[in-house]
Amino acid sequence: MIKKLLLLFVISLTTANLFAQNRGNGGRGNTPAAPPVLFREVSGVVRDTSDNTLIGATITLTSRKDTLRTTTNADGVFVLKNVKLATFTLTISEVGFITSVRKYLQNDAVKRLVLEPIILKSSTIMMNEVKINGTPSIVYKVDTVEYKASDYKVRDNATIDELLKKMEGFEVGSDGTVTHQGQQITKAKLNGKIYASGDVATAIQNLPADIVEKIQVVDDYGDQAARTGIKDGDPQKVLNITTKADRSVGTTGTLTTQYGSDDRYNANLFVQRINANQQLGVIANIRNTVNGVASSGVAGGATNGGGGGTGVGAGAAGSSSPGTTKSGGPQLNYRDQWSKKVQVTAGYGYNFSDNNSINQSYGTNYSDKGNSNFTDKSTAQRNSRNHSFNFELDYTIDSANYLQVTPTFTYANSSNSSNSFTDNFNKYVTGFEHPVVQSLSSSINTAPNYSGIVFYQHIFKKPRRNLSVQFSVNKANTDADGERNADTKNYADSTTNVVVKDSTAHLFTFRNSINTTYRASFTYVEPFSIYSQFEFNGQTRRSEYNNIATTDTVINNQLVDVTRYDNIYDYSFTETRLTFNYRFNGIKWNWSLGTTLVPSSLQGKKLDNSSQNTYGSIRNDFRAIPVFRFAYSWSRTERFTLAYAGTNTEPSFQQIQPFTDRTNPDNLIVGNPDLKPSFAHSITAQYNNYIANSKLNFSFGVNYTLTDNQIGSNRLFFSEPIGVKKGTNGARDTVLYKTIYETHYVNFNGSHAIVGRYNIAKQLDDRRYNLSLNGNITYSYNVGFSNNVEYHNTNWRFDERFGPRLNPTESIEINPYIGYDLSRSFTSLATAMSTSVQTTSLAVDGRFYFFKTWQVNYNASKSYVTGLGNLSTNPLVINAGFEKEFFKKKSLVLTLNTYDLLHQNNFIQQTLTTGGVTNTLSNSLSRYFLVGIRLRLQKWSGAPTRNGKKMNRRGDGSFIYE
């Protein structure tokens, strides 16, 4: 055996010596040298002196034939492709570090060159007492805010929502809603891909916090923009969760069951298998709840309504529709890297909901003819079933070509029934009116939807030059068959003693709507230098609509076609957007400047029920929209952005129809063929600064919008006599009227709004204490019309919130909260009244841990409301809970929760618009308890590897298969 090993050793030495001789002879020996390659790939990693990777460092490669530029990803890794020479110079620069220039002479026969780690030294001389702890907790990039999860401590078995609550700028509601620096997060991703159909609550309330490496908040312009770099339209706020390397191979699962009073129950199953880019998950739940119970998580928080309206909450937040809801269903998510070139993502979801709701609201509608006070009450039952399926295929054909195919399918059906009562007191200049409507209605709806997207990108040999094309089609077919039986009584006075006119309507309506949308886009990027480039984005979208609504009425138990109520029309809308843009990307600042040309066409035809003639309409419009974006970064933790956006909104075909729609004889709709598209100007500025050594983060933002040619309605009032009220004691008889409304569509100017937001967060004593102050100031000026009279509505809102989070020890969490919300509204109509609502909210929540495995949690909120008259209930809502953990890893938890111990969870919401005020009431059965168990298991097997090496990752957390 020893002889064999000695012989093997001698052979190895001889082979190595011959190989060395051949190399030294320039390949003139028995083994010729490999020929040089035409192109090569150069990669490496950049770190600081503390061995922390540097994100966003600029890498510039120069040689006789090359000038290439890139930046390091989230792991400090950079990759330069199509390098022509093996002899080159690298310049590495990063804000706050000394620029490094390095020359390399590499083997020109090697296709992939992996350089030794590059270490940059800090350029800042710090005082002795200041400590630098590697990468800062928060990093601001052009379109991304990134948080390092390891800097935020949470207890074992915590979920991601608990982690987000500790991060500066986040506000998390108990229902899973998330806002970041005052803007709501709309979708969730895991390692760069949509997770659980993008539902934010599902992601953060189920995924464990200890698997998270980074939390990213991304301004998402879509997959096409992410690959090409060309941005168009308004971005969505997306939460991207990237997993730790050693938590990217393993399985985690949670089972929760709860049962309580009044037959409430809740069960949830969550299982997720992760292996690098491979994900396989099952999420299922079933629950029976009482609507209007759940707190919003922000005590007393008021929200802005659409169109300049303002919603003001009084009391603990909850639904405005008390009742019961049984809901649930499974979700399946799948993602896998089938090969180095092919990745697939798929998902299926089924959801059912059986909802029984009770609604009550009242308020006042304003007009120059007087005011209308109304009261609405209704009960409704809605049962819905929804299926959804999505699939995505990503095919990297080669280094220069990429293809993505995304088909989706959804199917929804529902049945609805309601019993409603409306009582109006109309105090108009023509006299007093008292109409009361009692109606029963039901409907059955089905809505299958098909869509598909094909995206292709080609990358040229010249760095950053690329083009892409995308085609998509979406088809929705909706059937809605309904029945409505309404009884309208007009009374002589404020009582219900004397009926002046009584009318009934028993109608069956059959509706079918088909909408097909086609979209095609083309993008091209031409680099001018390592810092600048030209971008072109051309896209066209065509939407085709076919709508048929026919109505029958019941006469003598027979169905009779009512032609005058039919609504039959079809139309198409075509819009083309051509964007020419110049972009400069510097080390500290970047900007874009260009223009977008938008020609559009709206055309179609509609059946006039009165004449039975078909009328056509054609509208062609053109708009030139500026493109401007600017960003300046002092460092990775401080930035300023300024952007302008213009949005063109076409009128609907119904609004430009050239005749009067008499479907509802009491509310006529008059089209305006001269109606212009509206255009909204928007300017947004944002400043962010995270001072790492002080753990101080502050953000300020302001948004201004101005609308030209805003599309609105002008409601005219006409009186129609319906009877005579006999005079008493010699008084004259009084003619009684009812009002016929006629709605006209008009363009007007002058509406504008400005919103300022801020967030200041300071963390102390190794983040045991987190002080957070945030709020907004809103001003809006909205124009309206009534009986050809222009008026305006002005709204002011001052909303401030202070919510420190205190963790003096690992066993104590105390989170007090104080909020102040002032909303004021003024309307220029003589009959309208100004409003002023003030809400002061006090709240506290937290947890106490004792004996290592026991926990008590609590939350209480008290609201003080003025300005709602006798509606100001000022409730005190107290909830409490108990938990006991079992086993070594605390994987089994026994829970007991009680809600609204004092039974004061009443909710009132006031909504203000230019036309009136509405108060919505809710008084749910909110005092209840739930007892249950929660089982959480995890098993991880380390970081993913490929060919014996640790896998590199992209900035979004996805793994690179090489």
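Keep in mind that this is a model prediction, so the values were computed, not measured.
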**Prompt:** Quick one: does Y348's side chain get under 4.5 Å of Y334's, heavy atoms only?
**Reply:** no

**Message:** Any donor-acceptor pair under 3.5 Å linking the side-chain atoms of N413 with those of R385?
**Reply:** no

**Message:** Please check this pair: side chain of R69 against backbone of I530, looking for a donor-acceptor N/O pair closer than 3.5 Å.
**Reply:** yes

**Asked** Under 4.5 Å between any side-chain heavy atoms of V598 and I625, yes or no?
**Response** yes

**Asked** Within the distance-only criterion (no hydrogens, no angle test), does the side chain of N277 pair as donor or acceptor with the backbone N or O of Q337 below 3.5 angstrom?
**Response** no

**Asked** Any side-chain heavy-atom pair from F584 and N590 closer than 4.5 angstrom?
**Response** no

**Message:** Using only atom types and a distance under 3.5 Å, with no angle test, would you say the side chain of D956 pairs donor to acceptor with the backbone of S958?
**Reply:** yes

**Prompt:** Heavy-atom distance under 4.5 Å between the side chains of N466 and H458, does that happen here?
**Reply:** no

**Prompt:** Counting distance only, does the side-chain N/O of R464 pair as donor-acceptor with the main-chain N or O of S529 below 3.5 Å?
**Reply:** yes

**Asked** In terms of side-chain heavy atoms, does T243 have a donor or acceptor partner in N191 at a distance below 3.5 Å?
**Response** yes

**Stacked cation flag R953 on F959, 6.0 angstrom / 45 deg** = yes

**Asked** With a 3.5 Å cut-off and no angle check, do the side chains of Q181 and S699 form a donor-acceptor pair?
**Response** yes

**Prompt:** Can a salt bridge be assigned to the pair D394 and K193 using a cut-off of 4.0 Å between side-chain N and carboxylate O?
**Reply:** yes

**Item:** N390 vs S197 side-chain heavy atoms within contact, under 4.5 Å
**Value:** yes

**Non-hydrogen side-chain atoms of L602 and I618 separated by less than 4.5 Å** = no

**Fill in**
Distance col, row Y571:OH vs I656:CD1, nearest 0.5 angstrom, shows 9.0 Å

**Prompt:** Regarding Y687 and E638, is there a side-chain donor-to-acceptor distance under 3.5 Å anywhere?
**Reply:** yes

**Message:** I need the R623 CZ to N648 CG distance, nearest 0.5 Å.
**Reply:** 6.0 Å

**Message:** Test your reading of the model: is there a side-chain donor-acceptor pair from Q655 to the backbone of S652, 3.5 Å cut-off?
**Reply:** yes

**Item:** Close side-chain approach of V344 and F391, heavy atoms under 4.5 Å
**Value:** yes

**Asked** Any side-chain heavy-atom pair from R335 and Y195 closer than 4.5 angstrom?
**Response** no

**Request:** Would you indicate whether Y411, at its atom OH, is surrounded by more than 12 heavy atoms from other residues, nucleotides or ligands within a distance under 6.0 Å?
**Result:** yes

**Prompt:** Will you find, in the side chains of T517 and S543, an N or O donor that is under 3.5 Å from an N or O acceptor?
**Reply:** yes

**Prompt:** Rounded to the nearest 0.5 Å, how far does CG of L164 lie from CZ of F170?
**Reply:** 5.0 Å

**Request:** Examine the side chains of Q533 and E535 and answer whether a donor and an acceptor come within less than 3.5 Å of each other.
**Result:** yes

**Side chains of T523 and S468, donor plus acceptor under 3.5 Å** = yes

